[in-house]
Amino acid sequence: CGGGPAGLAAGIELASSVEKNKMRDIVVLERRERADEFDQGKAYLYLIDKRGRRWTDRHALTDVIGARGVSSANYTITRVYPDG
């Protein structure tokens, strides 16, 4: 799985069940050479909903993500509908 939010979550879930499912290793592959690379042209704002928050709480990641995340307080969301 890739190193984005869904791929990392899948890797963590699989790794946490390695012994139960008798799997040997879980490998997360990412195309970028470094995890801290940032391509502004491919940046996204990820919002963590209630279901995602339960997952981050279960893995003690909520505070870590909050400390490293970017505040969404100054973002404006504009919806553009096909009928103009």
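Bear in mind that the values here come from a model prediction, so they are computed numbers and not experimental data. The analysis underlying the following values was restricted to heavy atoms, covering all of them including side chains, and did not include hydrogens, waters or symmetry mates. Numbers here simply count residues along the sequence, with the first being 1.
Residue-environment remark: CZ (Arg53) stays at or below the threshold of 12 foreign heavy atoms within 6.0 Å. More than 12 heavy atoms of other residues, nucleotides or ligands lie within 6.0 Å of CG in Asp49, so this atom counts as buried by the packing criterion.
One hydrophobic cluster, built from ILVMFWY side chains closer than 4.5 Å, holds both Ile65 and Trp55.
The backbone N or O of Leu61 lies less than 3.5 Å from no partner atom in the side chain of Thr56, so there is not a single donor-acceptor pair.
Once rounded to the nearest 0.5 Å, the distance linking CD1 of Ile48 with NZ of Lys50 reads 15.5 Å. To the nearest 0.5 Å, atom CG of residue Leu8 and atom CD of residue Glu30 are 8.0 Å apart.
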